[in-house]
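Heavy atoms only: backbone and side chains are in, while hydrogens, waters and symmetry mates are out. Note that the structure is a prediction, hence the values are computed from the model and not measured. Sequence lines set the chain letters: A, B, ... in the order given, protein chains first and strands last, and positions in each chain run from 1.
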Amino acid sequence: MSAVPPSSSVRVRFAPSPTGFFHIGSARTALFNWLYARHCGGTFVLRIEDTDRQRDAEEYLQVLLEGLRWLGLDWDEGPTVGGPYGSYFQSQRGEIYGEYLQKLRDSGRAYDRDGAVWFRVSGEPATIDDRIRGKVQRLEEKDFVIVRSDGSPVFHFVNVVDDIAMAISHVVRGEDHLSNSSKHVELFQAFGRTPPVYAHIPLILKTNGPGKMSKRDSGALIEEYQRRHYLPEAVRNYLCLLGWSSKNDREILPIDEIISLFDLPAINHNNARFDEKKLAHMNGEYVRALPAEEFYDHALPILREEGLLADGPAEDYVRSVLTICQEKLRGLEELPHFCAYFFRENFPMDGDGRKKILASGDPFARVEEFLAAIGQWNGEWAADLLEQFLKTFAAERDRNSSAYIHPLRYAISGQTVGPGFYGMLAVLGRERVLARLVRFSSH
RNA sequence: GCCCUCAUCGUCUAACGGUUAGGACACCGGAUUCUCAUUCCGGCAAUCGGGGUUCGAUUCCCCGUGGGGGUGCCA
């Protein structure tokens with residue numbers, strides 16, 4: 001439960017069904033609910049709609065909870081934290097549904113047919129009070145099933161019962177529920193309740209092609225970003241921008257600022273297409289802006305996972321590698337490939353890079369020339385002095401320093417891109433650099 | 001089919017009824033004492049169509065068109 005008691009009667013809920021995936025659209029719905037709760041000082045309830053009771057329910061639930069935690073969307077009531085309106089699992093609320101069903105039977109709004117229980121509609125158009133779309137009217141024409149013939153209650157019924165029983169004040173959900181809201185309003189009214197305030201948020205569409213994002217689309221699952229070491233703050237920030245904006249031309253915003261600016265009527269009406277490239281760009285911005293200490297904390301487990309720390313390099317060495325690499329990264333995902341040669345001698349030599357180097361001159365000759373000179377040099381092995389040395393060295397031979405830098409970089413790292421050259425030399429250290437140059441020139 | 005809903009650059013979006021229609025991503029070009037994948041500068045690029053209302057419409061209304069959703073004993 002939250003440490004700070006709610007200062008508002010606003011109670012919102014995120015009510016996912018544990019399917020084994022955490023879809024980006026669901027995450028965005030959870031996020032908007034959470035933002036609104038935090039904006040109002042209200043309560044964010046997590047309710048698990050597990051009426052299907054699958055075999056792997058527990059494992060499926062973990063995907064969801066871990067995804068929410070990763071995004072920093074903490075819930076005030078729900079699984080693991082409890083709360084006064086439990087249980088927060090629909091599979092454990094059968095008794096409550098029974099009681100509410102009896103109320104509908106008593107008032108003549110529920111009846112049996114074909115072994116199922118049906119709800120009798122009123123014949124009047126329902127008015128949905130929607131904070132984003134205004135008043136929406138829709139006539140629910142046909143009676144509908146609320147309890148299947150196998151005895152299990154259907155979504156529309158349990159959803160409304162739980163919202164009543166959990167005193168939910170605002171229902172923030174995807175627009176795919178808008179048409180069905182007339183069913184829900186009818187149910188609220190049949191229970192003698194005023195329906196909650198609704199806010200139907202636009203859907204997230206596929207990057208290309210027709211329809212909304214589905215689990216199978218590239219980039220559709222939160223767990224994919226976890227696995228690829230995206231920063232959760234970046235994913236969350238991007239998700240905020242799908243259907244909402246600060247209206248001040250700023251897109252990268254600290255979450256506290258988003259919370260204070262966020263409001264339901266400010267949400268857009270139109271669906272948004274998902275753009276993986278923009279998300280990737282935003283992730284890069286977040287990675288490069290990370291304070292050195294936090295970058296280190298994020299990077300260390302990744303390097304370890306890739307086996308790059310197997311030789312037990314000194315902490316100072318790892319830190320200096322990360323310091324020169326951070327500003328060049330587009331994301332933590334590429335870090336291992338970007339810096340592997342700092343940690344092992346059997347790094348791969350990039351094939352295209354080799355062609356590039358060969359095309360621009362004789363790399364072996366350049367490396368040998370340099371090797372001969374640097375071997376004699378006994379200056380301090382520091383970035384600024386190495387720069388001085390190379391510039392003088394190149395000038396004496398009437399060449400541009402880049403004539404040496406490119407082949408040297410390739411010889412030392414196996415790549416044509418990387419951190420600043422002199423910083424790279426300094427961090428690797430004299431011994432390692434010279435050994436690699438020798439190996440390259442005598443290949 | 002019927003019902004609901006939406007409509008500004010390719011994409012995400014901004015614009016009290018009066019703006020050279022702004023920003024971001026992508027793309028293209030240039031610069032940056034060494035690479036680029038960082039950074040900086042520049043460029044391309046939009047109000048779906050037709051009617052109204054108004055001195056004036058991206059903005060308000062209507063009709064089309066197009067998109068999305070719903071229409072299950074799925075959620």
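The CG atom of L203(A) sits 15 Å away from the C1' atom of A7(B) (whole-angstrom rounding). In this structure, CG of L205(A) is placed 10 Å from C1' of G69(B), rounded to the nearest angstrom. Look at CD1 on I267(A): it is 18 Å from P on U5(B), rounded to the nearest Å.
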Self-check item: Under 4.0 Å protein heavy-atom contact, by nucleotide of nucleotides 18-33 of chain B - B base, S sugar-phosphate only
Solution: ----BBBSS------S

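Near RNA chain B, defined here as any heavy-atom distance below 4.0 Å, the residues from residues 109-135 of chain A are D114(A), A116(A), R133(A), listed numerically.
Counting non-hydrogen atoms of neighbouring residues, nucleotides and ligands closer than 6.0 angstrom, the CD atom of E141(A) reaches no more than 12 such neighbours. In the displayed structure, R216(A) atom CZ is contacted under 6.0 Å by at most 12 heavy atoms of other residues, nucleotides or ligands. Applying the 6.0 Å contact sphere to CZ of R288(A) captures more than 12 heavy atoms from other residues, nucleotides or ligands.
Nucleotide G17(B) has no partner under the Watson-Crick or G-U criteria, as no pair reaches both atom distances under 3.5 Å. Judged by Watson-Crick or G-U wobble contacts below 3.5 Å, the nucleotide A24(B) has U11(B) as its partner. Summarising the base pairing, U53(B) is matched to no nucleotide, lacking a Watson-Crick or G-U wobble pair whose two defining distances lie under 3.5 Å. In this entry U47(B) has no Watson-Crick or G-U wobble partner, no candidate having both defining distances under 3.5 Å. When Watson-Crick and G-U wobble pairs are counted only if both distances are under 3.5 Å, G29(B) pairs with C41(B).
Of the candidate nucleotides A7(B), U35(B), C12(B), U35(B) has the atom nearest to the side chain of V417(A). With distances taken from any side-chain atom of E49(A) to the nucleotides C73(B), A75(B), C36(B), the minimum falls on A75(B).
Using a 4.5 Å heavy-atom threshold, the side chains of S402(A) and H406(A) count as touching.
Residue contacts for R409(A): at a heavy-atom cut-off of 4.0 Å it reaches a base atom on one of the strands shown. Counting non-hydrogen atoms under 4.0 angstrom, S245(A) reaches the backbone sugars and phosphates but no base. H200(A) comes within contact range of no nucleotide atom at all, as no heavy-atom separation falls under 4.0 Å. Residue contacts shown for P419(A) include a base, since a base heavy atom lies under 4.0 Å away. At a threshold of 4.0 angstrom between heavy atoms, the contacts of G174(A) with the nucleic acid are absent. Within the nucleic acid shown, N270(A) comes within 4.0 Å of sugar-phosphate atoms alone, with no base atom in reach, counting heavy atoms only.
One finds no salt bridge joining E333(A) and R227(A) here, because no Lys/Arg side-chain nitrogen approaches an Asp/Glu carboxylate oxygen to under 4.0 Å.
Figure legend: K183(A) and F144(A) shown as a cation-pi pair, the cationic atom lying under 6.0 angstrom from the six-membered ring centre and within 45 degrees of its axis.
Counting only distance, with no hydrogens or angles, the side chain of W381(A) and the backbone of L425(A) share a donor-acceptor pair below 3.5 Å.
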So which protein N/O to nucleotides 2-4 of chain B N/O distances come out below 3.5 Å?
from	atom 1	to	atom 2	distance (Å)
C3(B)	O2'	R138(A)	NE	3.0

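For E327(A) and N248(A), each mapped to the nucleotide of RNA chain B holding its nearest heavy atom, the one lying further toward the 5' end belongs to N248(A).
Residues S122(A) and E186(A) bring a donor and an acceptor atom of their side chains to less than 3.5 Å of each other. In this model, no donor atom of one side chain and acceptor atom of the other lie less than 3.5 Å apart for E251(A) and S246(A).
Checked by distance alone, N268(A) brings no side-chain donor or acceptor within 3.5 Å of a matching partner on the base of A7(B).
Contact annotation: R148(A) side-chain N/O to C74(B) OP1/OP2 distance is under 4.0 Å.
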